[in-house]
Number of protein chains: 2
Amino acid sequence: MPASPRRATLATVAASAGVSVATVSKVLNGRGDVSPVTRSRVESLLEQHDYVALPQRRRGDAAVLDTIEVELDDDLNAYSTEIIQGAVRAGAEVDAAIVVSIRTDADRAGAWARGLATAGRRALVAVTSELTAEQLTALSRVRLPLVVIDPLNLPQTRGVTSVGSTNFAGGLAATQHLLALGHRRIAYLGGPATAACNQARLHGYRAAMEAAGAAVLPGYVRAGHFHYQDGVTGGAVLFDLPEAPTAIFAGCDDIAFGVLEAARARGLRVPEDLSIVGFDDTQVARMASPPLTTVRQPLREMGGVAVRTALRLAAGERVDSHHVELATELVVRGSTAPAPPEGSPRPPLTRHAVG
Amino acid sequence: MPASPRRATLATVAASAGVSVATVSKVLNGRGDVSPVTRSRVESLLEQHDYVALPQRRRGDAAVLDTIEVELDDDLNAYSTEIIQGAVRAGAEVDAAIVVSIRTDADRAGAWARGLATAGRRALVAVTSELTAEQLTALSRVRLPLVVIDPLNLPQTRGVTSVGSTNFAGGLAATQHLLALGHRRIAYLGGPATAACNQARLHGYRAAMEAAGAAVLPGYVRAGHFHYQDGVTGGAVLFDLPEAPTAIFAGCDDIAFGVLEAARARGLRVPEDLSIVGFDDTQVARMASPPLTTVRQPLREMGGVAVRTALRLAAGERVDSHHVELATELVVRGSTAPAPPEGSPRPPLTRHAVG
DNA sequence: CTGAAAGCGCTTACAG
DNA sequence: CTGAAAGCGCTTACAG
């Protein structure tokens, strides 16, 4: 390792190649008007000198290396991990870098947006976030395109491009699956009552129940925060109902995990005594015991679509649809089974009581 | 939204403020020699014009916005998610951006390193990766500092800064915990035999067994790939041993999840019939049924330390120790219990056979 | 404090 | 093909 000389510049390389700075610049930018001989000599000198360009400046409006900021509204979890994974893969395909950040509300909208632009971001992908009108304005002032993944409320979506999945169809499919297995007492343990995705799943559930003539008994629909603990607590409450459900449709996989644990604590066997369906199909769903039947959201694809759309917006292209919905799909694994026969004996209170 | 005029430059702002470009530049760079009145006028004009600086060039060697690249050797998983989380949080504290990427071996080392430098990265954090001598050379030629998290083999570590955790102590603690519960037939289901972290955990296990005079029976130590499937498969093999273990120490949480599933498939109850200890304490460990006893690796802290160290190296500071090890810690949850009494009846073959 | 001037690293018509 | 020259957006001594 040689002692640190100054970083090589175009002038350095030009001198050692015996050409002008202009010529080196042309080689660097892949222009056609350089002889092959000169080009290859300059290229090898560039390499020998470990030439590193200044952080790329734009020519016109195009950047040499695109950078997209993916902003989360909270700590990373299994859900956002899948989205990031998809974004990173999609970025790699088009040579765009993905910056991951977690939203802090400290900054004023103007400074926040200008900061993103100054840092050279080409676009912003916001996951699950609620952007204020101020923030939207600030972004548009610095010409930063925005794509929202799974927007919290759809009305906000006016003028904002967003990516989601077919939550209603997913809720419908999950519930129909349970109905087809003979369940009638099916409960829904969901996320925030105000979140658009949760409402759509809930409506899917209600639609399926209604179509099948199955009653949604009092207490069968509960809201939460899409957290594991909601499943533990909510599951326990449901088990205590006079007419306890034989199946639970959870608004996300984390909730389903909580229900699994609530069932275990109560000595209920899954799927023999209780069927559970999750939502998302994050990596852990297949690692549950039993492996979780769940509604797959194509989260990686959603991350990828968001990045590609953001890049197209940044390039000034018009995007024809302002809300893309990717298809959900029911994945049947081991946590669902036919309903226990009506009037079958209630399961023992705790497993330990059995042994 | 006004029709897109050209982006504001220093000259634009200077003209509208009635000062020279030099003065605007000084305001932008927070220099002291500007009168408060001028400064605030210029600042407000800068804002009015939505001035966005060119992608920051370096002054001397310092960049205005630091960017660290965190490179993974594979798709995101629960383990790397925790590290990224820690890196993003640590970056936010010092106003550094975190780019997440997944290594592809397509690029030649030189082009790869130069690409990182050209993109303006200040340092590279490599997770679990094995860097070739060529890549190390290429990085040093473009003066890109490197920090490796959980390096695959320690010898490589010569001249490379790395961050890990006390794997030996963790393996020891996990095994001692099981021994203290009365287990003697304890197996180890690990990761790649060549991985340094796996070796350390294995040695911790062996040390504890030896100290307690407990025999490591033939077939009790298995290697794998730190994957869920290794737990499913390896668990099944262990259960078939003439002297099946009463406890399994898994090399990571994913393997432990696999063992949990193998046990369920075999009708073994956890922790009554079989105790399981994992390693990592990723977010899902507490979501297992039963919640997983595991050795906590401070993955977020490791990500944070790596970022801070990388930044210090980039700033030209000397780092006194070239391998930092953070402490692991045993977290006892529900997947471990006292060993079943010696000679207790073997559990039924499958749970379904019971019902 | 302020700004004219020199300079930096780079790109781009344009003349040869 | 090549390069002198003009230009761009910015920073930094330095003179006032």
Side-chain angles (χ1 to χ4, degrees), chain A residues 4-65 114-115 117-120 142-143, chain B residues 4-65 114-115 117-120 142-143:
Chain A
S4 239
R6 288 214 60 51
R7 191 157 231 138
T9 71
L10 284 205
T12 322
V13 176
S16 80
V19 298
S20 72
V21 167
T23 301
V24 181
S25 170
K26 287 173 190 171
V27 170
L28 217 44
N29 294 293
R31 303 218 168 270
D33 54 350
V34 182
S35 80
V37 177
T38 306
R39 177 185 303 281
S40 79
R41 184 154 43 93
V42 169
E43 274 171 351
S44 90
L45 257 347
L46 242 13
E47 189 155 335
Q48 271 177 47
H49 285 276
D50 295 310
Y51 176 78
V52 167
L54 279 188
Q56 292 299 347
R57 57 180 69 200
R58 319 253 157 120
R59 341 179 208 149
D61 250 356
V64 171
L65 181 81
R114 245 174 287 119
T118 302
V142 296
R143 300 183 182 75
Chain B
S4 241
R6 291 216 53 54
R7 192 158 229 134
T9 71
L10 284 204
T12 323
V13 177
S16 79
V19 297
S20 72
V21 167
T23 299
V24 180
S25 170
K26 286 173 190 170
V27 170
L28 217 45
N29 294 293
R31 303 218 167 269
D33 55 347
V34 181
S35 78
V37 177
T38 306
R39 176 184 305 278
S40 78
R41 183 155 43 93
V42 169
E43 274 171 350
S44 89
L45 257 348
L46 241 14
E47 189 153 337
Q48 271 176 48
H49 286 276
D50 294 310
Y51 175 77
V52 166
L54 280 189
Q56 293 298 345
R57 58 179 69 201
R58 319 253 158 119
R59 341 178 207 150
D61 251 355
V64 171
L65 181 80
R114 246 173 287 119
T118 302
V142 296
R143 299 186 180 73

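It should be emphasised that the depicted structure is a prediction, and the values quoted were computed from it without experimental measurement. Note on naming: letters A, B, ... go to the chains in the order of the sequence lines (proteins, then strands), and numbering restarts at 1 for each one.
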Stretch residues 34-41 of chain A: residues that reach within less than 4.0 Å of DNA chain D through a heavy atom: A:V34, A:S35, A:P36, A:T38
Listed once per pair and sorted, the salt bridge (Lys or Arg N to Asp or Glu O under 4.0 Å) pairs that draw on residues 34-45 of chain A, sequence neighbours left out: none
Residues which pass side-chain hydrogen bond (donor to acceptor under 3.5 Å, both in side chains) with B:S40, listed by chain and number, not counting sequence neighbours: none
Integer angstrom distance from the P of C:dC14 to that of C:dC10: 24 Å
Between P of C:dC8 and CG of A:L10, the distance in whole Å: 14 Å
Residues that B:A11 engages under side chain to side chain contact (heavy atoms under 4.5 Å, CB included), provided they are two or more places apart: B:T9, B:V21
Minimum heavy-atom distance between A:V42 and A:V13, given as atom pair plus value: O-CG1, 4.4 Å
Any residue meeting side-chain hydrogen bond (donor to acceptor under 3.5 Å, both in side chains) with A:S16, in chain and number order, not counting sequence neighbours: A:H49
With A:S44 via side chain to side chain contact (heavy atoms under 4.5 Å, CB included) - residues at least two apart: A:Q48
Sorted by number, the residues of residues 15-23 of chain B with heavy-atom contact under 4.0 Å to DNA chain D: B:V21, B:A22
Spacing between A:K26 atom NZ and D:dC1 atom P, to the nearest angstrom: 11 Å
Atom pair distance, as rounded to whole Å: CG in A:L46 and C1' in C:dC10: 13 Å
Residue pairs, two or more places apart or on separate chains, that pass salt bridge (Lys or Arg N to Asp or Glu O under 4.0 Å) and touch residues 15-27 of chain A: A:K26-A:D33
Watson-Crick and G-U pairing of DNA chain C, under 3.5 Å, as dot-bracket with | and [ ]: |||.||||||||.|||
Phosphate contact (D:dT11 OP1 or OP2) by B:S25 side-chain N/O below 4.0 Å: yes
Atom pair CG (A:L10) and OG1 (A:T23), whose distance is rounded to the nearest 0.5 Å: 10.5 Å
D:dG7 to D:dG3 separation - C1' atoms, rounded to the nearest Å: 16 Å
Residue closer to the 5' end of DNA chain C, A:V24 versus A:D33 (nearest nucleotide): A:V24
Span that lies between the P atom of C:dT12 and that of C:dG16, in whole angstrom: 22 Å
Residue list, side chain to side chain contact (heavy atoms under 4.5 Å, CB included) with B:A22, at least two apart or on another chain: B:S20
